[in-house]
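What follows is a set of notes on a single structure, which appears directly below.
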Amino acid sequence: MARVREVILGVGGGIAAYKSCDLLRRLQDRGYLVTVVPTPSSLNFVGAATWEALSGRLVTTQVWERVDEVRHISLAKQADSVIIAPATADLIARIAAGRADDLLTNLVLAVDLPILVVPAMHPQMWLDPATQSNVQTLRNRGFTVMEPEVGRLTGDDIGPGRFPETDSIIESFERVIEVKKDLLGKKVLVTAGGTREAIDPVRYIGNRSSGRQGSAVASAALSRGAEVTLILANSQLSEKEEKSLEGINVIRVDTALEMYTHLEIEFPKSDLLVMSAAVADARPSQVSDGKIKKGDLQSIELTQNPDLLKSIAEIRSGQIIIAFAAETSLDLEVAKAKLAAKGANILYLNDVSKGAIFGSTKTQGIIITSNGAQIEVPNTSKDALADLLLDQALIQLG
Ligand code: CTP
């Protein structure tokens, strides 16, 4: 399944521009991250301040702004798809001619992505042979151009040219990008990263974990329409990975007990828990206020941390739980025993020997489920594994 998160919303200079404010909101509700690129003339209808406030992102209209960022190229690289709504007769003509006279038309030339065009204009302008021929040109080039609706326009005129309802735009868009929204209405809770247990103000004991796998699951769940909370402990994510967490309720924690506190609050509200965090199994019994001198650092007395997963599974009310097991061998019997002991529905067993998994963008292992499924995961990306796990969770969620 394609991962589509970053959407460019191009806005042309028609009165329907105001309706795109609702479209933007609805796209955000469905987990898309939207950057608005209005044409300069569209600012007569809806100003940049409105788009910036609604999208929470910088809005520019010309290539002469933020030249240091080379925005038409950086936006093109970041985007997964483009919606142009409303598309005026002039904008359609400029795109058909391959013009590049504002940021949006530059961007259209610079991307090789699915583009949905949503025309809105006066019926005569829509039916004019010039517009019809331009629309045909765009369709021949692979753009999806929606048919405008028939109805009353700004004045008294009635005919084809009305901006479609937000619902039907989103439906067309998701058909264009072929994304499943199969977790819509579901609440997904993910833990990720490695907890750290302080020895003194400078030292800690902890588990190796970049937080990458859990973040990939959180991001995939958001793409598939879920409402997502991520309890994240000491991650080492790239800037791009951090950015993909936009739209997710991220709670940052340090220790196992802090993670537990938030789990207890969030778990009862969730439909699915994905426990990918590497939880430190024990913590120093006493945390020194001052830095311990190296000569005094001979041994550390430890207290066991609670098994967060096991404890939380005991208060479940129908939630599906995915557990992870990082082992130094792929022993299925160990995995099955752990699945049962933890009260989980699904367990991903990966072999972390030889340092191949931690910090990497790739993974390899076996998924086992409480209903007997066993799925081998050959060397694959953590993003792909995230979708595989969510597919299994969906089966169990019914
Ligand atoms: N886990 C947890 N609380 C802990 C330890 C682990 O919730 N104190 C969770 C992990 O997030 C993971 C699963 O339990 O989803 C399995 O973790 P793992 O470290 O493989 O198992 P342990 O229970 O720690 O068993 P052992 O270290 O003995 O193999």
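Positions are given from 1 along the sequence. Not measured: the values here are computed from a predicted model. Hydrogens, waters and symmetry mates play no part in the numbers below; they use all other heavy atoms, side chains included.
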message = Restricting to non-hydrogen atoms, name the atom on Gly13 and the atom on Ser41 that form the minimum distance, rounded to 0.1 Å.
response = CA-OG, 3.8 Å
Ion pair Glu327/Lys338, N-O distance below 4.0 Å = yes
query = Do Leu332 and Ile368 come within less than 4.5 Å of each other through their side chains, counting heavy atoms only?
reply = yes
inquiry  = Donor-acceptor check, side chain of Asn134 to backbone of Ala130, threshold 3.5 angstrom: yes or no?
reply    = yes
inquiry  = A side-chain contact here means heavy atoms from C-beta on lying under 4.5 Å apart; do Tyr204 and Asp254 qualify?
reply    = no
ask   = Any side-chain donor-acceptor pair under 3.5 Å between Thr369 and Asn371?
value = yes
ask   = For Trp126, does its backbone N or O pair with a side-chain atom of Gln132 as donor and acceptor, under 3.5 Å?
value = yes
task = Give the intermediate values and the outcome of side-chain contact (heavy atoms from CB on, under 4.5 Å) for residues His262 and Thr229.
result = CA-CA 10 Å; His262 289 282; Thr229 296; over 6 Å; no
ask   = What heavy-atom pair brings Gln62 and Leu103 nearest, and what distance separates the two atoms?
value = N-CB, 3.8 Å
request  = State whether the side chain of Arg196 and the backbone N or O of Ala280 hold a donor-acceptor pair below 3.5 Å, judged by distance alone.
outcome  = no
request  = Would you check if Leu9 and Leu23 make a side-chain contact, meaning some heavy-atom pair closer than 4.5 Å?
outcome  = yes
Other cluster members, Leu257 - Ile/Leu/Val/Met/Phe/Trp/Tyr, side-chain contacts below 4.5 Å = none
request  = Mind checking the CG-NZ spacing from Leu272 to Lys186? Nearest 0.5 Å is all I need.
outcome  = 10.0 Å
Residue pair Ile346 / Tyr348, side-chain heavy-atom distance below 4.5 Å = no
task = Start with the C-alpha gap between Arg26 and Glu174, add the side-chain angles, then the distance that decides, and say whether salt bridge (charged side-chain N to carboxylate O under 4.0 Å, His left out) holds.
result = CA-CA 13 Å; Arg26 296 284 306 284; Glu174 290 182 344; over 6 Å; no
Quiz item: cation-pi between Lys181 and Tyr32, 6.0 Å / 45° = yes
task = Could you grab the distance from atom CZ of Arg212 to atom OG of Ser219, nearest 0.5 Å is fine?
result = 13.0 Å
query = Members other than Leu308 in its cluster, when Ile, Leu, Val, Met, Phe, Trp, Tyr link by side-chain heavy atoms under 4.5 Å?
reply = Leu189, Ile231, Ile251, Val253, Met259, Tyr260, Leu263, Phe267, Leu273, Met275, Val279, Leu309, Ile312, Ile315, Ile321
ask   = Taking atom types as modelled, is there a side-chain donor on Arg57 or Thr35 under 3.5 Å from an acceptor on the other?
value = yes
ask   = Quick one: does Gln396's side chain have a donor or acceptor within less than 3.5 Å of a partner on Gln392's backbone?
value = no
note = Heavy-atom closest pair (Ile300 atom, Pro284 atom, distance to 0.1 Å) is CG2-CB, 3.9 Å
message = Ignoring hydrogens, what is the shortest heavy-atom contact between Ala221 and Val228? Give both atom names and the distance.
response = CB-CG2, 3.8 Å
request  = For the residue pair Pro86 and Val118, establish whether any side-chain heavy-atom pair is separated by less than 4.5 Å.
outcome  = no
message = What's the separation between atom CG in Leu113 and atom CD1 in Ile177, rounded to the nearest 0.5 Å?
response = 11.0 Å
request  = Look at the side chain of Arg162 and the backbone N and O of Arg152, then say whether any donor-acceptor pair between them is shorter than 3.5 Å.
outcome  = yes
query = Given side chains that start at C-beta, do those of Pro114 and Phe173 come closer than 4.5 Å, heavy atoms only?
reply = no
key: Residues Asp331, Lys336; criterion salt bridge (charged side-chain N to carboxylate O under 4.0 Å, His left out); working and verdict   = CA-CA 9 Å; Asp331 186 337; Lys336 282 180 188 160; over 6 Å; no
query = Salt bridge check: are Asp383 and Lys362 linked by an N-O gap of less than 4.0 Å?
reply = no
query = Between the side chains of Asp200 and Ser288, does any donor sit under 3.5 Å from an acceptor?
reply = no
query = Would Val11 and Ile8 show up in the same hydrophobic cluster when neighbours are defined by side-chain heavy atoms closer than 4.5 Å?
reply = no
query = Without hydrogens or angle criteria, can the side chains of Glu197 and Thr195 be said to hold a donor-acceptor pair below 3.5 Å?
reply = yes
query = With hydrophobic residues grouped by side-chain heavy-atom distances under 4.5 Å, do Leu91 and Phe45 end up in a single group?
reply = no
Residues in salt bridge (Lys or Arg N to Asp or Glu O under 4.0 Å) contact with Arg71, at least two apart in sequence or another chain = Glu69
message = What verdict does the side-chain contact (heavy atoms from CB on, under 4.5 Å) test give for Gln286 and Ile199, after you've listed the backbone C-alpha separation in whole Å, the side-chain angles of each residue and the deciding distance to 0.1 Å?
response = CA-CA 7 Å; Gln286 267 167 357; Ile199 299 167; over 6 Å; no
message = Are the side chains of Ile83 and Ile115 in contact, using a 4.5 Å heavy-atom criterion?
response = no
inquiry  = Nearest 0.5 Å, please: how far is CG in Leu388 from CG in Asp391?
reply    = 6.0 Å
task = Show the numbers, then the answer: is there a side chain to side chain donor-acceptor pair (under 3.5 Å) between Thr261 and Glu258?
result = CA-CA 5 Å; Thr261 303; Glu258 272 170 41; over 6 Å; no
request  = Report the distance from atom CD1 of Ile322 to atom CG of Leu339, rounding to the nearest 0.5 Å.
outcome  = 11.0 Å
message = Tell me whether Arg99 at atom CZ has more than 12 heavy atoms from other residues, nucleotides or ligands lying less than 6.0 Å away.
response = no
key: Nearest heavy atoms of Gly214 and Val190, plus distance in Å   = O-CG1, 3.5 Å
ask   = So, does Ser276 use its side chain to make a donor-acceptor pair with the main chain of Thr191 at under 3.5 Å?
value = yes
request  = Would you tell me whether Gln319 and Arg316 have side-chain atoms, one donor and one acceptor, within less than 3.5 Å of each other?
outcome  = no
query = Given Ser215 and Glu241, is the side-chain contact (heavy atoms from CB on, under 4.5 Å) satisfied, shown in steps?
reply = CA-CA 8 Å; Ser215 301; Glu241 285 163 337; 5.8 Å; no
request  = Is it possible for you to say whether Ile95 and Ile73 belong to one hydrophobic cluster, with membership spreading through side-chain heavy-atom contacts below 4.5 Å?
outcome  = no
message = Under 4.5 Å between side-chain heavy atoms, counting indirect links through other Ile/Leu/Val/Met/Phe/Trp/Tyr residues: same cluster for Met125 and Val135 or not?
response = yes
For Gly12 against Ala17, the heavy-atom pair lying closest together = O-CB, 4.0 Å
key: Sequence-distant partners of Arg252, side chain to side chain donor-acceptor pair (under 3.5 Å), two or more places apart   = Glu242
ask   = Linking I/L/V/M/F/W/Y whenever any side-chain heavy atoms sit under 4.5 Å apart, do Val176 and Val7 land together?
value = yes
inquiry  = Between Thr50 and Tyr18, does the side-chain contact (heavy atoms from CB on, under 4.5 Å) criterion hold? Intermediate values first, please.
reply    = CA-CA 10 Å; Thr50 302; Tyr18 82 90; over 6 Å; no
key: All pairs passing salt bridge (charged side-chain N to carboxylate O under 4.0 Å, His left out) where residues 266-295 contributes a residue, at least two apart   = Glu266-Lys269
message = Under a plain distance cut-off of 3.5 Å, with no hydrogens placed, do Gln136 and Asn140 share a side-chain donor-acceptor pair?
response = yes
Minimum side-chain heavy-atom gap Leu349-Ile367 below 4.5 Å = no
note = The complete set of salt bridge (charged side-chain N to carboxylate O under 4.0 Å, His left out) pairs with one or both residues in residues 102-114, sequence neighbours excluded, reads Arg94-Asp102
ask   = With a 3.5 Å cut-off and no angle check, do the side chains of Ser168 and Glu171 form a donor-acceptor pair?
value = no
